[in-house]
There are 2 protein chains.
Amino acid sequence: MMKHTLAVLAASTLSVPLMAQRTAPPAPAPVDAKVAALRDAALKDDVAYDIVEGMTTEIGPRLAGTEAEARARAWSVTKLKALGFKNVRIEPYQMPVWVRGVETGSILSPFPQALKLTALGNSGATPVGGLTAQVVVFKTYGDLAAAPAGSLAGKIAYVGNAMEPTQDGSSYGAFGPARFVGPAMAASKGAAAIVIRSIGTDHHRNPHTGTTNFPEGVTPIPSAALSVPDAELIERIATRGKPITMTLVLTPRMTGTHESGNVIAEVPGTDPKAGIVLVGGHLDSWDLGTGAIDDASGVAITAAAAKRILDGPRPRRTIRVVWFGAEEVGGFGGKAYAEAHKTERHATAGESDFGADRVWRFETNLPDSAKPVGDRLASALAPLGIARGAGVGGDGTDVGPIMALGVAAIDLNQSGTRYFDTHHTPDDTLDRVDPEQLRQNVAAWTTMLAIVANAPEEIGSVVPRK
Amino acid sequence: MMKHTLAVLAASTLSVPLMAQRTAPPAPAPVDAKVAALRDAALKDDVAYDIVEGMTTEIGPRLAGTEAEARARAWSVTKLKALGFKNVRIEPYQMPVWVRGVETGSILSPFPQALKLTALGNSGATPVGGLTAQVVVFKTYGDLAAAPAGSLAGKIAYVGNAMEPTQDGSSYGAFGPARFVGPAMAASKGAAAIVIRSIGTDHHRNPHTGTTNFPEGVTPIPSAALSVPDAELIERIATRGKPITMTLVLTPRMTGTHESGNVIAEVPGTDPKAGIVLVGGHLDSWDLGTGAIDDASGVAITAAAAKRILDGPRPRRTIRVVWFGAEEVGGFGGKAYAEAHKTERHATAGESDFGADRVWRFETNLPDSAKPVGDRLASALAPLGIARGAGVGGDGTDVGPIMALGVAAIDLNQSGTRYFDTHHTPDDTLDRVDPEQLRQNVAAWTTMLAIVANAPEEIGSVVPRK
């Protein structure tokens, strides 16, 4: 997963080239030789790939709150201790758990065909024998929203989208509402069920799951994503003008409250008062794939970078690596972390949760006192092909709650052009990870940690990004 | 599907450039202006795409011998009549029918993970409750073949392969035996079941089905293909040196003898003694996808080309378009056609069954009397980017039986670099068809028909390609 709001500031970057033409840019900050050496050595990193390979091979899918996620936590503790991290521990919390059941669907008429679909997280269930109803086709979420009250009574709503890949992931924010809130919208108009075109940019018969949200008091309706080719089939049939009848069998269920947890490891710093540098990703994954890019890569990248600092002189600031639990299904791990650690001083926070492709941009939300830190990051990251964006940093479901308390943000943005081909599908497997691009990520995070954890400047609190 | 022996003559093409340096090439045959006009007009064809769109939307999967294939035949008769073809008819035959059942599998130890797999055609069944056994890992079919007699007693054999894409499809012949005969080989050594790495070149969680063959007297064992990422998972686990236990549930079954059929349509010629020009593809498809590239495209391309001749002056030779039934599961339609029509004079035969990407090469098996026909084809096809290969034509499961009787062959070879990404998977859907490349195919087949159906030369029988 990634935060829905990545898109917010993308447009503002457009003004930078124009400004640059008018005033000569300031001289770049010099790059510390030790930072450069750490950065360049990280381009040969093998630790991150080893973590991704191990987690996908030895654990595989790890749905939040299930025994698979618990196995993943145990595996992670062993791995992080073996790497030499300090204070390795699990911080448990309780959460409601949703699990998938049977999921099949077919068009019955006018042209009988089986469909490839998958339930959305928090979906309600059909009767065990299935639900059969006429389909009302909406090409966009906007069309669904415009449907009259009560007009979907007893019907299955279909909602399409025209999502295309974007490097900054902004199309997810633009087209994702069909999944995020489409089911609740359809329920409010009386729909018996909803199927959406997957929020994805590929053309494979692998539907994209993900959570949907029903407000308190609204009974969840059966809610599924069709693979993109299946969605296109529905839309082609709709052009023929004949009524479409569909049958769905979806038997997911809530299993009650169960334990999940965050796995924490540290590189202790020399100056406890300077604040913690928090980095991480999420340990849980959707159940369809093995969570290679979402988010074994993120936990691997941040841990591999921290390991490079661990193996050198002790940094000024403590680096805390958190492998968050239960991100996909509602960010329970991030909320639990913020609640448990809100009284500790954090200098910065940043998470890696947008795959394994190269970092192309960084953005920060640093206090004025730490402006030189951002300038040093710009110089040191540039050789990796990473440019400073014009926006304000603050991405991340897991670090969001702690950043909301005023912790400074450092975002290292990965290139997302391939991300939504695979996101939340069975295809999220090890082969999706390009080892060279993964190493570039490790180099970027190593560079960031080397600069930020040792920065002599005060890094105090900030006004959180909206 | 495509014939397994496409590869046979590929190596001989290497000598052509060397020869060309030694002797000046002969002047190309002139191109008839009417042929050129037909060819160029076909580059704007919409008939072929309309057929593929219709067949995938209104019928979808059409497994041989099932009611879905029967629906496809009825649809085809309506379509071919609407296009104005003559003598449109179904020629039925009987065949044994295999159907898929439940198919699930998991690794139980050392690392529990669910697997994506699909039964191979003719696979045997496990008990309904499943079959659990230790896995013996073979990286290649050769390794399996080298296993001692009896060494697989009670085990599940895993067989890998290292297939990569090739333009001429030759890697299918090279690596396909793991599927074609691997199950029978494993059964002969006592295996309880077999799983193979899909014969495919993609990395998606969509396994590639296809037939496997058990000799008379050998009881079929449960036989499945894993998706490529799942196969890689097995091989990664194997490197850890711990025993692998797998459970499989496969419940396919033979349903007895049922009706299938060939759909035939004609463009009548003026000279019955000149022989029939036979073209076509296959109407049936595997059940996982909608058979867009395999082989709605082939039937569409050949029919769209024939339609262009139909709409002009009557040709010398009758063009017969056959949409063969039951190709995938054993070439029943092609055999039935040859048996029914063996006494009719055929001038040439050619089929389109290698997807929808552009034609890059043509090869013939023409009698000496018709050598100028080949020369005219070379000149007229060159503007489409199609070169004459150095091999002897004769591809095709469906036209194979009639060619075996001495009918001359004209092959228009499609580029296969993407074909085995999709072949026999759920991903064989309309979006795989590039309309521009489909049109180039129609232009190539139109050009061929315009030349061959009107050739004044005698086109007599030939010695079939081995």
Side-chain angles (χ1 to χ4, degrees), chain A residues 52-63 66-68 71-72 75 100 102 104 106-107 109-116 202-207 227-240 242 244 287-292 421-422 425-433, chain B residues 52-63 66-68 71-72 75 100 102 104 106-107 109-116 202-207 227-240 242 244 287-292 421-422 425-433:
Chain A
V52 181
E53 196 272 350
M55 195 176 288
T56 54
T57 305
E58 300 182 4
I59 305 297
R62 39 200 186 278
L63 186 66
T66 67
E67 66 77 32
R71 267 189 285 126
W75 185 95
R100 193 176 301 285
V102 173
T104 62
S106 307
I107 300 166
S109 66
F111 309 123
Q113 284 212 35
L115 299 169
K116 296 278 188 181
D202 64 309
H203 274 81
H204 293 283
R205 300 290 295 286
N206 290 319
S227 86
V228 171
D230 290 85
E232 291 178 338
L233 173 68
I234 298 285
E235 296 196 23
R236 290 202 308 275
I237 293 176
T239 64
R240 278 136 164 107
K242 296 174 184 169
I244 301 174
D287 51 343
L288 301 177
T290 64
D421 290 352
T422 300
T425 73
D427 277 345
D428 186 358
T429 49
L430 181 61
D431 50 278
R432 285 291 172 282
V433 177
Chain B
V52 180
E53 196 272 350
M55 195 175 288
T56 54
T57 304
E58 300 183 4
I59 305 296
R62 40 201 186 277
L63 186 65
T66 67
E67 67 77 32
R71 265 190 284 127
W75 185 95
R100 194 175 301 285
V102 174
T104 63
S106 306
I107 299 166
S109 66
F111 308 124
Q113 284 212 35
L115 299 169
K116 295 278 188 183
D202 63 308
H203 274 81
H204 293 283
R205 301 291 294 287
N206 290 317
S227 86
V228 170
D230 291 84
E232 291 178 338
L233 173 68
I234 298 285
E235 296 197 23
R236 290 202 307 274
I237 293 175
T239 63
R240 280 141 164 102
K242 296 175 184 168
I244 302 174
D287 51 343
L288 302 177
T290 64
D421 290 352
T422 299
T425 72
D427 277 344
D428 187 358
T429 48
L430 180 63
D431 50 279
R432 285 292 172 280
V433 177

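Numbered from 1 within each chain, the chains take letters A, B, ... in sequence-line order. All heavy atoms count here, side chains included; hydrogens, waters and symmetry mates do not.
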Max heavy-atom pair count under 4.5 Å with chain A, selected residue of B:D431, B:D287, B:T57, B:D230: B:T57

Do the non-hydrogen side-chain atoms of B:D428 and B:L288 ever get within less than 4.5 Å of each other? no

Side chain, backbone, both or neither: which part of B:P110 has a heavy atom under 4.5 Å from chain A? neither

Using a cut-off of under 4.5 Å on heavy-atom pairs, state which of B:K116, B:R432, B:R71 scores highest against chain A. B:R432

Most contact-rich option vs chain B, by heavy-atom pairs under 4.5 angstrom, among A:L233, A:T425, A:D202, A:V228, is A:L233

All salt bridge (charged side-chain N to carboxylate O under 4.0 Å, His left out) counterparts of B:R240, not counting sequence neighbours: A:E53, A:E58

Carboxylate-amine/guanidinium proximity below 4.0 Å for B:R236 and B:E232: no

Residues in side-chain hydrogen bond (donor to acceptor under 3.5 Å, both in side chains) with B:Q113, at least two apart? none

Highest number of heavy-atom pairs under 4.5 Å with chain A among B:T290, B:T422, B:L430 belongs to B:L430

A:D421 versus A:D427: any side-chain heavy-atom pair under 4.5 Å? no

Part of A:T429 lying under 4.5 Å from any heavy atom of chain B: side chain

Between A:S227 and chain B, which part of the residue has a heavy atom less than 4.5 Å away: side chain, backbone, both or neither? neither

On a heavy-atom basis, which atom in A:P426 and which in A:P207 lie closest, and how many Å separate them? CD-O, 3.9 Å

